[in-house]
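All remarks here apply to the structure that follows.
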Amino acid sequence: QPEKTDIHAFLVIRPCLAGDPNQRFKPGQGNFKGSRFELVMSDGTCVDIPHHPQMDEQIERETCATAREYTTSFWSKA
């Protein structure tokens with residue numbers, strides 16, 4: 001299991017636990033009603049990938065400033 005202090009630790013998708021603050025996301029730039037949005041964690045980091053997505057890509061946390069610089073912070077609705 002990744003250390004909580006490692007910002008670049010890979011994220012693991014699990015069933016939701018409503019009381020877990022690490023499973024609470026808010027929109028960053030944009031909003032959840034639009035066609036694209038950012039997933040910002042409770043600690044202010046963005047859910048990100050280090051480049052544009054590929055099949056079976058692992059996602060991770062990144063500072064939102066870095067993710068925005070590389071334009072990888074936004075997610076699109078399918």
Side-chain angles (χ1 to χ4, degrees):
Q1 182 159 356
E3 291 291 322
K4 290 187 178 192
T5 56
D6 183 3
I7 191 172
H8 298 288
F10 293 115
L11 299 175
V12 177
I13 306 298
R14 295 188 182 138
C16 182
L17 299 172
D20 185 346
N22 291 320
Q23 294 186 6
R24 298 260 182 210
F25 299 96
K26 60 183 179 181
Q29 294 181 351
N31 59 57
F32 292 141
K33 295 179 183 179
S35 62
R36 70 182 203 158
F37 54 91
E38 288 179 330
L39 289 174
V40 179
M41 298 182 71
S42 59
D43 65 359
T45 57
C46 280
V47 175
D48 184 44
I49 53 173
H51 48 76
H52 295 284
Q54 298 175 8
M55 181 73 75
D56 298 322
E57 189 77 47
Q58 291 184 315
I59 57 176
E60 59 187 53
R61 295 168 29 209
E62 180 63 79
T63 64
C64 290
T66 298
R68 289 173 187 148
E69 179 181 348
Y70 291 101
T71 65
T72 56
S73 65
F74 283 100
W75 298 83
S76 298
K77 290 183 180 180

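Sequence positions, counted from 1, serve as the residue numbers for this chain.
Here the side chains of R61 and D43 are in contact, with some heavy-atom distance below 4.5 Å.
Qualifying side-chain hydrogen bond (donor to acceptor under 3.5 Å, both in side chains) partners for S42, counting only residues two or more places apart in sequence or in other chains: none. Partners of F25 under the ring pair (Phe, Tyr, Trp, His ring centres under 6.0 Å) rule, at least two apart in sequence or in another chain, do not exist in this structure. Considering only residues two or more places apart in sequence or on other chains, F37 meets the ring pair (Phe, Tyr, Trp, His ring centres under 6.0 Å) condition with F32.
Listed by first and then second residue, the ring pair (Phe, Tyr, Trp, His ring centres under 6.0 Å) pairs that reach into residues 57-78 come to none, sequence neighbours excluded. Sorted by first and then second residue, the pairs that involve residues 28-63 and meet disulfide (SG to SG under 2.5 Å), not counting sequence neighbours, are C46-C64. The stretch residues 29-39 participates, sequence neighbours left out, in these salt bridge (charged side-chain N to carboxylate O under 4.0 Å, His left out) pairs: E38-R68.
When every heavy atom of S73 is checked against every heavy atom of D48, the shortest pair comes out as N-OD1, 3.9 Å.
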